[in-house]
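To find a chain, count down the sequence lines: A is the first, B the second, and so on, and within it residues start at 1.
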Amino acid sequence: MRAFKELTERISYPAVEQEILAYWKEHRIFEQSITSREGKPGFTFYEGPPTANGRPGIHHVMSRTLKDLACRYQTMRGKQVHRKAGWDTHGLPVEIEVEKELGFKHKEDIVRYGVAEFNKKCRESVWKYKADWERMTEQMGYWVDLTRPYVTFENEYIESIWWSLKRFHDEGMIYKGHKIQPYCPRCETPLSSHEVSLGYQDVKDQSVYVRMRLKDEPDTSFLVWTTTPWTLISNVALAVAADVTYVKVEQNGEKLILAEPRLSVLEGEYTVLEKFPGSALVGREYHRIYNFHPVTAKAFYVVTATFVTTEDGTGIVHMAPAYGEDDNQVGKKYGLPTIHPVNRSGAFGPDVPPFAGKFVRDADMDIIRELKERKVLYKKEAITHSYPHCWRCRTPLLYYARESWYISTTKYAEKMIALNKTINWYPPEVGEGRFGNWLEENKDWALSRDRFWGTPLPIWVCPSCKKQKCVGSVAELREGTGLAEPLDLHKPFVDAVTFTCTCGGTMTRTPELIDVWFDSGAMSFAQWHYPFENKELIESGEQYPADFICEGVDQTRGWFYSLHAIGTFLFGKPAYKNLLVNDLILDKDGQKMSKSKGNTVNPFDVMAKYGADATRWYLVTNSPPWRPTMFDEEGVLEVQRKFFGTLVNTYAFFAMYANIDKVDWKAAAVPVAERQEIDRWILSELQSLIGRYTGYMAVYDVTKAARSISEFTIDQLSNWYVRRNRRRFWKSEMGADKRAAYQTLYECLDTVVKLMAPFAPFLADEIYRNLNSVTGLDPAASVHLSFMPDADASRIDAALEERMERAQKIVVLVRAMRMKANLKVRQPLRRIILPIADEAGRGDVRRMQDIILDEINVKEIEYVHDASGIVRKKAKANFKAIGPKFGKSVQQVAARIKDMTGAEIATMEQNGSVQLASGEQTWTVAVDDVEIMREDIQGWLVETDGGLMVALDTTLDDALVAEGAARELVNRIQNMRKDAGFEITDRIAIVYAADAALAERLATQERYIVTETLAESWTAGSPAGEHTETLELNGGSISIAITRMKRG
RNA sequence: GGGCCUGUAGCUCAGGUGGUUAGAGCGCACGCCUGAUAAGCGUGAGGUCACUAGUUCAACUCUAGUCAGGCCCA
């Protein structure tokens, strides 16, 4: 017969995990977890593709744990869960990496170097940290098919994207337009709004207050504030708020106009001359402060605008329509001219001679100096504000009017909003609030990028008739001329292809690429090369939509949006049904992790130290995933010690005795009804646990699901069931009772391990296989191939659970009293007294009596009747009941209830209600309106908990004292045995010398002492030898010597 | 400036359809157990449930506002 593997709590988790990984690999458990569910309902999961040219961090372990556990859980529920890995391979991050490598500073460097060669480098660079990613994925136990991933740069993937773009194009959803766009001068490309959102940073800028002199009022100036001095060169108007009060003040001989609430910006003394509303300023003209550009339209006057606030600045906002969305709107409204003297790399052109060739933000200081010399500058002030930066190269963005291709997402924003309401967001507020609001304010998707490494925008344009052709497949591309082989759908190869236009012109491809977010958002179908292959998969609904996706909250406007926007348009359905959001991982002090702060956590280190399971368990249980998690290594250690340690210990206890007893697992199960009450109790608790767990998992509350497992394991299974039942396992004869104990504990372990398997896949499998490889009760080769148990309501005995809880409470109360009376548990006591009136209540406790008495080392329970008069009772108002009943007078009633006499309480208990009079008033108070507190028993040590009361008889007689002393002595002798290094089976001889009184006392306990310590003799004499000790016991003194008997 | 979230014990977090003794773990103090034993367990101290107003017989819980922190967007 095979024996259970005897784990110890000194198990090396990382080492066990390595063994399990090898086992999984050898037996292809992951593959089996999918193939074994062939023909079963599917659970569709989409992997959000990471970029493999950055190192994986601890936050990736977080989101991958969540993804993994959801998929493992569904597999164990019998679903077939395909998980295709994916890699995001295009875009600026890759280009920037290569540019750095090649030492490039500007975009032209790439053109000089050669686009073909550059893209070849990008294609290689993408995989820079692939090995790290794969190692992390494997080690943490993230099951995903890495052998057949989707890769966004592959021709098939791009072809699918092109197919989708053609759908957009054919329906007139793609247009070319001008908009103010965030633009990265270093990368020389506009950024989409979701890219911008990735790069907000606090920066220190110089803000300036400048004077703009009124044309018709000498010595009077508008005081204007801006944080971007370089845009002053392009100023064409000023904006004020119509309904804000403005003032004209005199200061040092000049007059200034500004908003009244902003007077605090003035330096020094001033006198207010006039007050007027902003509307009074409309149309007033001023002298421009720079004259580089002639203008033809009317300009340099005051307008009103709603976005002007008095939060900062002066309440007078300078307008440069080329450089701001608001400014642009105002410019359009009033027909203002646009002055745009900045080139593609963000430098001033030759039309601004003093600053020509200078990067605009670098020109700020020069401009300020120059304005100061001309006395235009009133003052300057450093301000720190949040400003968007390029999400990759960290260059501050500029806002320009630029030409770009757009997708008209606004045309179907309503549909996106409607479909979003069908998606289950966890937590819901991200979907309703953050994502919902984003959809409500939907703007057209700026699709194009002026870069090199990415999916080319497959639109060809005829230069003569402007006709557009969108290519939607490779076959279509081949209809053109100039396509090189082998096929590569990237620049510059696709640029070489031309088509002959119906007008006879030669159509060439528009040079832009598309936003990488479109790449990843297209994965729902492009991962299957739809519609060129796998048409069925998508159209049958098997792989679209996803049942589940899970990423960081930063993806709200990124991947969550692009999936949704593309899916809604193409398929008219949402791309996913359930979405679990996870938030940031901070360091243990709540600081954001960053390389510069040096507070990042290396996932490999943590896993090497504590194992993947503990790391995963910690990340999931520490706080709900959608809340920021503070990562503290101490916490991982605690998981290991508390939960894993207890579980392993419980298993080890089971394995040790099961091996000794050679339990026959083929024997029929002892019917649950015939098992001891405590067995039925833990099995009932187990079913309740399954029920709770399943409920939590159904709503992706993985934190509560996992916490409920460890609470059960630690508090109920280990600290109560096992502790209370140890003796049953020691008992030598194997009977029905012992078998029941084994079967009960086995079932608990087996079930707990299944429940925890999605979270801690290694340890769960270790224990599962240790159990089932011996018993053969569950034949799966791995817990991950087995099935999740369902809660069996018929096995839940709520009354029993309640009884046990009561017993546990009584134990706690007695322990507290022992503590107060300074009576250690080793000292047996005569009795506790429980005032319980009704026979049913007494019966409940009686059924738990043995457990209670044994646990607290007390001889008996005495039940007293409340009416016996020794129990002093107090009444307390039950506000929930009397609140609605008495309304405003509730406080008076409550006060009266508090003063109820013993007689009144007795009357009420007898009749069900009682009349209470107070002053003029009389109320009828029913039993349910009142909580009866047992307060005291005359002359007894008492503890209460709610309605429960326990009194402890602390009187000691000689017999009890003797028993206590014997127990104490046994303990000391056992410790001496241990210190002496004796085997637990060694026999010993004891020689003792004690005070007369003590000796007499111990004489009655000789038999007990001898049995417990495996002593063959207990002799009065002169203790001597190697193992001798003297101790104080019950005020007496005793010396003891122990010697090991010869074996034989 | 807007949206969403958070603010409960020294720390990390629970909780409550509003009901008068607000919970756990860690840490701390004290102690216990010992045939799961380089583990385990208990008892205790520790909280004006961020602040202010309102609704209510009753607010830590609901409402409004304020303050602080986080994320996202301007």
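Distance A:W425 CH2 to B:rC4 C1': 12 Å, rounded to the nearest Å. To the nearest angstrom, C1' of B:rC71 lies 14 Å from CD of A:Q555. Between the CG atom of A:L823 and the C1' atom of B:rC33 there is a distance of 16 Å, rounded to whole Å. Distance A:R627 CZ to B:rA14 C1': 10 Å, rounded to the nearest Å. Whole-Å rounding puts the A:D661 CG to B:rG35 P distance at 18 Å. One interatomic measurement links the two molecules: CZ of A:R726 to C1' of B:rC33, which rounds to 8 Å at whole-angstrom precision. Taking atom CZ of A:F729 as the reference point, atom P of B:rA36 lies 11 Å away to the nearest angstrom. One can place CZ of A:F886 at 17 Å from P of B:rA58, the figure rounded to the nearest angstrom.
Only the P atoms considered, B:rU55 is 35 Å distant from B:rC11, to the nearest whole Å. Spacing between B:rC41 and B:rA24 at atom C1', rounded to whole Å, works out to 16 Å. One P atom belongs to B:rC51, the other to B:rA59, and the distance between them is 15 Å to the nearest Å. Taking atom P on both nucleotides, B:rU48 is separated from B:rA9 by 8 Å, rounded to a whole Å. For B:rU8 and B:rG47, the P atoms lie 15 Å apart once the distance is rounded to whole Å. Rounded to a whole angstrom, the distance from the C1' atom of B:rC49 to that of B:rC13 is 14 Å. For the C1' atoms, the distance linking B:rU21 with B:rC5 amounts to 32 Å, nearest Å. As rounded to the nearest Å, B:rC67 and B:rA58 have P atoms that lie 29 Å from one another.
Taking the six-membered ring where the residue is Trp, A:F644 and A:Y13 present tilted rings, their angle falling between 30° and 60°. By the 30° and 60° cut-offs, the orientation of the rings of A:F729 relative to A:Y742 is perpendicular. Taking the six-membered ring for Trp and thresholds of 30 and 60 degrees, A:Y746 and A:F654 have ring planes inclined between 30 and 60 degrees apart. Ring planes of A:Y700 and A:Y426: tilted class, angle from 30 to 60°. Between A:F435 and A:W425, the ring planes are tilted. Angles from 30° to 60° get that label.
Comparing A:E441 and A:K704, the nucleotide of RNA chain B nearest to each residue sits closer to the 5' end for A:K704. Along RNA chain B, the nucleotide closest to A:L584 and the one closest to A:M656 are compared, and the more 5′ of them pairs with A:M656.
Of the possible polar contacts, none joining the A:E551 side chain to the A:Q555 backbone as a donor-acceptor pair under 3.5 Å is found. Here the side chain of A:D444 pairs a donor or acceptor atom with the backbone of A:T410 at under 3.5 angstrom. Put simply, the side chain of A:N622 never gets that close to the backbone of A:L619: no donor and acceptor are under 3.5 Å apart.
For the residue pair A:T713/A:S710, the side-chain donor-acceptor check at 3.5 Å is not satisfied.
Residues A:Q827 and A:G964 come closest through the heavy atom pair OE1-CA, 3.6 Å. Across A:V240 and A:G278, no two heavy atoms sit closer than the pair CG2-O, 3.6 Å.
Between A:Y399 and A:Y183, the ring centre distance reaches or exceeds 6.0 Å.
Nucleic acid contact class of A:P428 (heavy atoms, under 4.0 Å, all strands): none. Using a 4.0 Å heavy-atom criterion, one finds that A:D583 contacts no nucleic acid atom at all.
Minimum atom distance to the side chain of A:Y657 is reached by B:rG35, of the listed B:rG19, B:rG35, B:rU21.
A:R434 contributes a side-chain N or O that forms a donor-acceptor pair with the base of B:rC71 under 3.5 Å.
RNA chain B is contacted by A:S718, A:N719, A:V722, A:R723 of residues 716-724 of chain A, taking any non-hydrogen atom closer than 4.0 Å.
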Requested in this report: Any chance you could encode RNA chain B as dot-bracket? Rule is Watson-Crick or G-U wobble with both distances under 3.5 Å; [ ] for pairs crossing earlier ones, | for another strand.
Outcome: (((((((..((((.....[...)))).(((((.......))))).....(((((..]....)))))))))))).

Do any N or O atoms of the protein come closer than 3.5 Å to N or O atoms of nucleotides 23-32 of chain B, and which pairs are they?
| unit_1 | atom_1 | unit_2 | atom_2 | d |
| --- | --- | --- | --- | --- |
| B:rG25 | O2' | A:E638 | OE2 | 2.6 |
| B:rC26 | OP1 | A:K642 | NZ | 3.1 |
| B:rC32 | OP1 | A:K824 | NZ | 3.0 |

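With values rounded to the nearest 0.5 angstrom, A:T314 atom OG1 is found 8.5 Å from A:R262 atom CZ.
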